[in-house]
Amino acid sequence: MKIEQIYTGCLAQGAYYIESEREVAIIDPLREIDPYIKRATNDNAKIKYIFETHFHADFVSGHVTLAKETGAQIIYGPNANPSFEALIAKDGQEFKLGAITIVVLHTPGHTMESSTFLLKDEKGKNHAIFSGDTLFLGDVGRPDLAQKAADMTQEDLAGILFDSLRNKIMPLADDIIVYPAHGAGSACGKNMMKETVDTLGNQKKMNYALRADMTKDEFIKEVTDGLLPPPKYFPLNVKMNKEGYEDFNEVLERGATAMSPNDFEKAANETGAIVLDVRHQNDFVKGHIPRSIFIGLNGDFAPWVGALIADVEQPLLLVTPEGKEEEAITRLSRVGFDGAIGFLKGGFEAWKNASKEIDTIKSISVDEASKILAKETPEIFDVRKETEYISEHVIDAKNTPLSDLNSYLGVYPEKDTFYIHCAGGYRSVIAASILKSRGIHNFIDIAGGFGAIKNSPIKVSNYVCPSTL
């Protein structure tokens with residue numbers, strides 16, 4: 001028996017490759033399916049099953065294409081009703097995979113079709129659970145993402161999740177291994193541990209939602225407390241996962257169209273495409289195409305694209321580092337953004353060499369900022385998350401979180417120079433690009449963000465531990 005967790009850090013997502021006696025099951029695959037097929041080929045094995053824990057909201061699964069390419073059967077738990085061919089399993093239904101068995105445990109609450117897959121080893125002993133978004137390490141799935149009936153609230157779903165955990169998962173032995181669908185950084189939960197594998201026994205000790213003496217009312221209150229609004233692209237990803245989508249290879253072929261600077265400019269004007277610059281933030285600061293949006297590949301690229309661009313059908317034109325075109329298109333497709341129609345051949349250097357208009361961002365070091373702030377009192381805007389800001393921030397700075405930046409455009413000074421920063425420089429440059437695209441140019445970015453500010457003379461608030469917020 002072989003179990004391999006295939007973890008994608010940008011999405012904080014875990015897919016799983018399980019092999020026994022040359023039969024393979026894939027759980028929650030990503031959009032690009034070649035890695036799974038190659039693994040099976042190397043094992044001289046055949047992909048037999050594709051298990052989906054639920055209709056994912058934060059990424060587009062590879063189930064439809066993988067089934068088409070391999071003939072494997074797609075399996076969901078009860079209550080799923082996809083538009084494509086799939087086996088809708090019954091609670092407790094068993095599937096043989098070589099010498100091992102996978103049992104469907106219907107665990108609704110995150111969504112109504114959510115299921116956990118229990119793996120029994122060659123001797124029939126319970127070995128592991130693949131818990132999807134039902135149980136994370138340190139947390140449980142948020143109960144506000146399901147496409148639910150109008151009369152079903154997030155509190156109703158949380159109550160159903162409580163029953164699922166108590167009746168299906170907590171009675172299992174402490175030595176069972178927990179393989180969740182997500183880790184820290186995912187928007188599908190709020191309190192996840194950085195680890196990606198644990199034992200159920202340890203989760204019973206560490207996970208607030210699995211306290212043995214917890215009442216249902218306490219569970220509902222704690223699970224629903226402090227939930228941030230989900231990214232706007234989530235429902236669109238659910239729709240794609242439920243109804244099907246275009247093959248990734250077609251998306252890649254279209255997006256990998258190389259364009260000269262003139263053709264690139266013409267396409268931007270004629271299609272209404274967003275020019276998305278995915279280079280490093282330092283390169284974007286030094287020079288970029290006017291009104292282009294920066295979201296760098298070196299950060300949480302796909303989630304920020306989803307949160308800030310939102311419309312998965314929006315046409316995109318890409319400015320990438322040389323050789324990174326395919327990576328950008330691939331990572332966009334993982335969250336359903338299939339609208340890339342081409343990239344700038346030769347990158348930003350080609351744009352400059354063609355004597356096209358360019359723009360820059362004024363950015364200063366923390367040393368320079370501290371000297372200015374010692375003499376002046378300009379407005380400072382912190383674009384980190386609210387919890388980061390509350391934990392510790394520059395005295396008198398205002399919080400305008402990047403995830404909801406468009407709603408704060410009216411609070412920025414119209415003429416006076418103001419300053420922006422984030423934690424390390426990535427998010428503030430994203431914010432800067434959005435501000436410039438909206439015609440706001442009277443700001444200065446503080447390079448290095450709050451990480452550098454803390455080690456400077458700039459006064460900051462007393463630290464508050466995030467776990468107490």
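Please read these numbers as outputs of a predicted model, since none were measured by experiment. FYI, the numbering just counts along the sequence from 1.
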**Message:** Under a 4.0 Å threshold between the charged nitrogen and the carboxylate oxygen, would Asp382 count as salt-bridged to Arg384?
**Reply:** yes
**Heavy-atom check, side chain of Tyr208 versus side chain of Asp139, under 4.5 Å** = yes
**Prompt:** Is there a donor-acceptor contact under 3.5 Å from the side chain of Asp263 to the main chain of Met259?
**Reply:** no
**Message:** Quick one: does any side-chain atom of Lys204 pair with a main-chain N or O of Met170 as donor and acceptor, under 3.5 Å?
**Reply:** yes
**Item:** Intermediate values then yes/no, side-chain contact (heavy atoms from CB on, under 4.5 Å), Val335 and Val60
**Value:** CA-CA 5 Å; Val335 288; Val60 178; 6.0 Å; no
**Prompt:** Looking at Lys168 and Asp163, does any basic side-chain N land under 4.0 Å from a carboxylate oxygen?
**Reply:** no
**Message:** If you compare all heavy atoms of Pro29 against all heavy atoms of Ala15, which two are closest, and at what distance to 0.1 Å?
**Reply:** CA-CB, 4.1 Å
**Request:** Decide yes or no on ring-ring contact (aromatic ring centres under 6.0 Å, His included) for Tyr16 and Phe117, but give the supporting numbers first.
**Result:** CA-CA 11 Å; Tyr16 296 91; Phe117 301 116; over 10 Å; no
**Message:** Tell me whether Arg31 forms a cation-pi arrangement with Tyr245, defined as NZ or CZ under 6.0 Å from the six-membered ring centre and within 45 degrees of its axis.
**Reply:** yes
**Item:** Main-chain N/O of Ile47 paired with Tyr36 side-chain donor or acceptor, under 3.5 Å
**Value:** no
**Request:** Carefully, step by step, assess Asn79 and Thr111 under the rule side-chain contact (heavy atoms from CB on, under 4.5 Å).
**Result:** CA-CA 10 Å; Asn79 295 337; Thr111 65; over 6 Å; no
**Request:** Could you tell me whether Glu388 and Arg427 make a salt bridge, using a distance below 4.0 angstrom between a side-chain N and a carboxylate O?
**Result:** yes
**Message:** Could you tell me if the side chain of Phe59 sits less than 4.5 Å from the side chain of Ser61, heavy atoms only?
**Reply:** yes
**Message:** Could you walk me through whether Leu30 and Thr8 satisfy the side-chain contact (heavy atoms from CB on, under 4.5 Å) test, starting with their C-alpha distance in whole Å, then the side-chain angles of each, then the deciding distance to 0.1 Å, before giving a yes or no?
**Reply:** CA-CA 9 Å; Leu30 284 184; Thr8 303; 3.1 Å; yes
**Item:** Derivation of the side-chain contact (heavy atoms from CB on, under 4.5 Å) call for His63 and Asn241
**Value:** CA-CA 8 Å; His63 55 314; Asn241 283 318; 3.6 Å; yes
**Message:** Tell me whether Glu327 is salt-bridged to Lys324, with the criterion being a basic N under 4.0 Å from an acidic carboxylate O.
**Reply:** yes
**Prompt:** Less than 4.5 Å apart, any side-chain heavy atom of Leu172 and any of Asn126?
**Reply:** yes
**Item:** Six-ring centre of Phe348, Arg279 cation under 6.0 angstrom, axis tolerance 45°
**Value:** yes
**Fill in**
Value for OG (Ser292) from CG (Leu318), rounded to nearest 0.5 Å, stands at 11.5 Å
**Message:** So that I can tick it off, tell me whether Glu32 and Arg334 are bridged by a salt bridge, with the cut-off set at under 4.0 angstrom between side-chain N and carboxylate O.
**Reply:** yes
**Prompt:** Considering all heavy atoms of both residues, which atom of Gly77 and which atom of Ser115 are nearest to each other, and what is their separation?
**Reply:** CA-OG, 3.2 Å
**Message:** How close do Ile27 and Thr53 get, counting heavy atoms only, and between which atoms?
**Reply:** CG2-CG2, 4.2 Å
**Among His182, His54, His56, the one residue meeting ring pair (Phe, Tyr, Trp, His ring centres under 6.0 Å) with His110** = His54
**Prompt:** Could you give the distance from CG (Asn237) to CG (Leu145), rounded to the nearest 0.5 Å?
**Reply:** 11.5 Å
**Request:** Verify the neighbour count for atom NZ of Lys205: are there more than 12 heavy atoms of other residues, nucleotides or ligands below 6.0 Å?
**Result:** no
**Request:** Indicate yes or no: does Arg254 engage Asp338 in a salt bridge with an N to O separation below 4.0 Å.
**Result:** no
**Prompt:** Quick one: does Leu317's side chain get under 4.5 Å of Phe264's, heavy atoms only?
**Reply:** yes
**Message:** A side-chain contact here means heavy atoms from C-beta on lying under 4.5 Å apart; do Lys90 and His106 qualify?
**Reply:** no
**Request:** State, yes or no, whether a side-chain contact exists between Tyr426 and Ile295 at a heavy-atom distance under 4.5 Å.
**Result:** yes
**Prompt:** Is any side-chain N of the basic residue among Lys38 and Asp43 closer than 4.0 Å to the acidic one's carboxylate O?
**Reply:** no
**Request:** Could you tell me whether Glu322 and Lys345 have a side-chain N and a carboxylate O separated by less than 4.0 Å?
**Result:** no
**Request:** May I ask you to check whether over 12 heavy atoms, not counting those of Glu313, lie within 6.0 Å of atom CD?
**Result:** no
**Asked** Do side-chain atoms of Gln73 reach the backbone of Leu87 as a donor and acceptor pair under 3.5 angstrom?
**Response** no
**Prompt:** Salt bridge or not for Arg39 and Glu4, using N-O below 4.0 Å?
**Reply:** yes
**Item:** Working for side chain to side chain donor-acceptor pair (under 3.5 Å), residues Ser333 and Thr330
**Value:** CA-CA 5 Å; Ser333 75; Thr330 299; 5.5 Å; no
**Complete:** One should read off an interatomic distance between Thr65 OG1 and Phe248 CZ, to the nearest 0.5 angstrom, of 10.0 Å
**Request:** Decide if the gap between the ring center of Phe95 and the ring center of Tyr49 is smaller than 6.0 angstrom.
**Result:** yes
**Asked** In Å, rounded to the nearest 0.5 Å, how long is the span from CD1 of Ile341 to CD1 of Ile329?
**Response** 11.5 Å
**Message:** Does Glu326, at its CD atom, have more than 12 non-hydrogen atoms belonging to other residues, nucleotides or ligands within less than 6.0 Å?
**Reply:** no
**Request:** Examine distances only and state if a side-chain atom of Asp225 and a backbone atom of Glu222 form a donor-acceptor pair shorter than 3.5 Å.
**Result:** no
**Prompt:** Does the side chain of Phe51 reach to within under 4.5 Å of the side chain of Asp28, using non-hydrogen atoms?
**Reply:** no
**Message:** Once rounded to the nearest 0.5 Å, what's the spacing between atom CD1 of Ile434 and atom CD1 of Ile293?
**Reply:** 5.5 Å
**Asked** Where is the tightest heavy-atom contact between Ala67 and Ile50, given as atom of each residue plus distance?
**Response** N-CD1, 3.4 Å
**Item:** Donor-acceptor under 3.5 Å (Ser164 side chain, Ile160 main chain)
**Value:** yes
**Item:** Atom of Ile6, atom of Tyr17 and distance for their closest heavy-atom approach
**Value:** CD1-CB, 4.1 Å
**Prompt:** Parallel, tilted or perpendicular for His421 and Phe450, by the 30°/60° rule?
**Reply:** parallel
**Asked** Do Phe162 and Phe219 make the cut of ring centroids closer than 6.0 angstrom?
**Response** yes
**Prompt:** Using 4.0 Å as the upper bound for N to carboxylate O, is an ion pair formed by Arg142 and Asp133?
**Reply:** no
**Request:** Applying side-chain contact (heavy atoms from CB on, under 4.5 Å) between Val140 and each of Thr134, Ile169, Leu161, report the one that passes.
**Result:** Leu161
**Message:** If we check salt bridge (Lys or Arg N to Asp or Glu O under 4.0 Å) with Glu23, which of these qualifies: Lys48, Lys46, Lys96, Lys2?
**Reply:** Lys48
**Complete:** Scanning both residues in full, the closest heavy-atom pair of Gly185 with Ala12 reads C-CB, 4.2 Å
**Prompt:** How many angstroms lie between atom CD1 of Ile18 and atom CD1 of Ile100, to the nearest 0.5 angstrom?
**Reply:** 6.0 Å
**Request:** Start with the C-alpha distance between Lys385 and Asn399, add both sets of side-chain angles, then the distance that settles side chain to side chain donor-acceptor pair (under 3.5 Å), and finish with yes or no.
**Result:** CA-CA 8 Å; Lys385 293 187 293 185; Asn399 186 214; over 6 Å; no
**Message:** Quick check against the 3.5 Å criterion: does Thr70 have a side-chain atom that pairs as donor or acceptor with the backbone of Ala72?
**Reply:** yes
**Asked** Is there a side-chain contact between Glu218 and Arg211 (heavy atoms, below 4.5 Å)?
**Response** yes
